[in-house]
Amino acid sequence: MDAIKIVNIQQYCLRLPLVTPFRTSYGRLETKAFDLLIVEDELGNRGIGELVAFERADYIEETIEMSRSVLQKELIPCLFELDFSHPKEIWAAFKHTQGNFMAKSAVETAVWDLYARRIGRPLQKLFSADRSAIPVGVSIGVHDNPIDLLATAKTYVDQGYQRIKLKITPGNDLVPLQALREQYPEIQLMADANSAYTISDLPLFKKMDALKLAMIEQPFHPRDYVDHAILQKEIKTAVCLDENIRTLEDVKTAHALGSCRAINLKIPRVGGITEALRIVDFCQENDLLVWLGGMFESGVGRAMNLHFASQDCFTFPGDLSAFDRYFHDDIVEPKARITNGLLMIPGQSGIGVTWQEKQLLKYAYDKKTYRIK
Ligand code: OSB
Ligand code: MG
């Protein structure tokens, strides 16, 4: 194929209110801000990607304003200079920009979508995936009391979610997990601490070990590998890393030290699809359970996640929910809905969803255009 050239990028800055505020060990989220990047090639093909970074630096360091600045000053100029034949070349072209994984992912995933549309194939085929629907899980925020929590969980289980992840925070952990386990003796249940604990909480995690949890996600500091390894040796339950994992090198470190047995893989947190594919390969070769996480994506990020998670190796249900678990409305068609406990992979070419500018502008508070010089 001839060289592909990106000639134009449109950036829409949007906000969508959440259906219910989401509480974690680090805070409370009521509205999700995100940008959509629409890349256009020399033939007029288009692709779309989502910048999922948060407004506050509370989950990881990168904020949406930092991502926008790096996109404008480094990544977009770099992309305009590049002639490429396959989207996996983008990741290497960005090597002189350190970090800023979500910024990189926003354009890199847009180019993957453009490429798949350009060759007229669903994105999943580029990963040799062909499942048309996948089982999914739900991530539930911190609740004040177990009665409300059990009611929330029931609405999700009744809708067909096949796995529950509960956010825990010191003082609100063992009791709600026990309540969920009692109500659902067999369900795949796990906890996500978002780094709120230290190794001095080891006795607590030993108690959790009795609850047959599928895994405990990110109990300790986002830079810690040593204490996670100590914990993993002391408990039967798998430890899963989320915030720690930005690159394949981080996964190798975790594996070498025995810091975890599972990886929550988020494409934007590792800088895009190319790095995510390398991580999947490593995990499979080294017996690490890898599964797909989420960050309150809109329909664009979710469609991309669905295509990626349709690979056969993703056997553990991801943090991939129907649009209405997060938002009242969505900006793409078709909107993701649960049927028989499954989410469909949108089947058209690229990420398989379409967007209307009118729908983007309804939720946009800013818009920018970049053109090749
Ligand atoms: O820690 O996995 C996390 C959402 C935002 C940021 C971090 C996390 C999460 C979730 C929700 O757990 C996952 C989802 O359903 O999108
Ligand atoms: Mg997490």
Reported [atom1]-to-[atom2] distance for the pair [X] and [Y], which is rounded to 0.5 angstrom:
| X | Y | atom1 | atom2 | answer |
| --- | --- | --- | --- | --- |
| Ile267 | His307 | CD1 | NE2 | 11.0 Å |
| Ile134 | Asp312 | CD1 | CG | 11.0 Å |
| Ile263 | Leu292 | CD1 | CG | 12.5 Å |
| Lys165 | Gln188 | NZ | CD | 13.5 Å |
| Ile279 | Lys252 | CD1 | NZ | 10.5 Å |
| Leu71 | Asp35 | CG | CG | 8.0 Å |

Using the salt bridge (Lys or Arg N to Asp or Glu O under 4.0 Å) definition, which of the options Arg302, Arg325, Arg337 pairs with Asp330? Arg302
Can you find a heavy atom in the side chain of [X] that is under 4.5 Å from one in the side chain of [Y]?
| X | Y | value |
| --- | --- | --- |
| Arg68 | Leu51 | yes |
| Tyr156 | Gln162 | no |
| Tyr197 | Ser25 | no |
| Glu55 | Glu65 | no |
| Leu241 | Gln218 | yes |
| Pro176 | Ile168 | no |
| Pro219 | Val239 | yes |
| Met208 | Thr237 | no |

Test log, rule salt bridge (charged side-chain N to carboxylate O under 4.0 Å, His left out), inputs Glu357 and Lys367: CA-CA 11 Å; Glu357 183 169 46; Lys367 186 190 161 186; 3.1 Å; yes
Residues joined to Phe316 in its hydrophobic cluster, side chain to side chain under 4.5 Å directly or through other members, sorted by chain and number, are Met190, Met215, Leu289, Trp291
Any side-chain donor paired with an acceptor under 3.5 Å for Tyr59 and Asp242? yes
Which pair of non-hydrogen atoms, one from [X] and one from [Y], has the smallest distance, and what is that distance?
| X | Y | value |
| --- | --- | --- |
| Val7 | Asp41 | CG2-O, 3.6 Å |
| Gly137 | Ser321 | O-OG, 3.4 Å |
| Ala93 | Cys78 | O-SG, 3.3 Å |
| Ala214 | Ala238 | O-CB, 3.9 Å |
| Leu29 | Lys32 | CD2-CD, 4.4 Å |
| Asp250 | Asn244 | OD2-O, 3.2 Å |

Is the [atom1] atom of [X] crowded by more than 12 outside heavy atoms at less than 6.0 Å?
| X | atom1 | answer |
| --- | --- | --- |
| Met66 | CE | yes |
| Leu43 | CG | yes |
| Lys88 | NZ | no |
| Glu182 | CD | no |
| Lys125 | NZ | yes |
| Asp158 | CG | yes |
| Glu249 | CD | yes |

Show the numbers, then the answer: is there a side-chain contact (heavy atoms from CB on, under 4.5 Å) between Gln72 and Gln11? CA-CA 10 Å; Gln72 177 177 1; Gln11 180 172 24; over 6 Å; no
When the ring centroid of Phe308 is compared with that of Phe314, is the distance short of 6.0 Å? yes
Output field: ring centroids Tyr370/Phe80 closer than 6.0 Å: no
Please assess Val251 against Cys283 for the test side-chain contact (heavy atoms from CB on, under 4.5 Å), listing each intermediate value before the final yes or no. CA-CA 8 Å; Val251 180; Cys283 288; 4.1 Å; yes
With a 3.5 Å distance limit and no angle check, can you tell me whether Asp366 reaches the backbone of Cys13 through a side-chain donor-acceptor pair? no
Tyr365 ring centre to Arg15 NZ or CZ under 6.0 Å, with the angle to the axis within 45°? yes
salt_bridge([X], [Y]) N-O dist < 4.0 Å:
| X | Y | result |
| --- | --- | --- |
| Arg163 | Asp319 | yes |
| Glu275 | Arg278 | yes |
| Asp324 | Lys335 | no |
| Glu50 | Lys266 | no |

side-chain contact (heavy atoms from CB on, under 4.5 Å), paired with Glu40, selected from Gln10, Arg371, Lys5, Arg46: Arg46
For the side-chain contact (heavy atoms from CB on, under 4.5 Å) test, which of Asp113, Val353, Ile273 pairs with Met304? Ile273
Can you get from Ile235 to Leu257 by hopping between Ile, Leu, Val, Met, Phe, Trp and Tyr side chains that sit under 4.5 Å apart? yes
Taking it one step at a time, do Glu42 and Arg118 satisfy salt bridge (charged side-chain N to carboxylate O under 4.0 Å, His left out)? CA-CA 11 Å; Glu42 80 290 357; Arg118 179 170 168 139; 3.2 Å; yes
Which residue is it: Phe34, Phe327, Tyr326? I am looking for the one with a ring pair (Phe, Tyr, Trp, His ring centres under 6.0 Å) to Phe296. Tyr326
Going by the rule ring pair (Phe, Tyr, Trp, His ring centres under 6.0 Å), which residues pair with Phe282 if we only count those two or more places apart in sequence or in a different chain? His255
Residues Val280, Cys313; criterion side-chain contact (heavy atoms from CB on, under 4.5 Å); working and verdict: CA-CA 8 Å; Val280 167; Cys313 60; 3.6 Å; yes
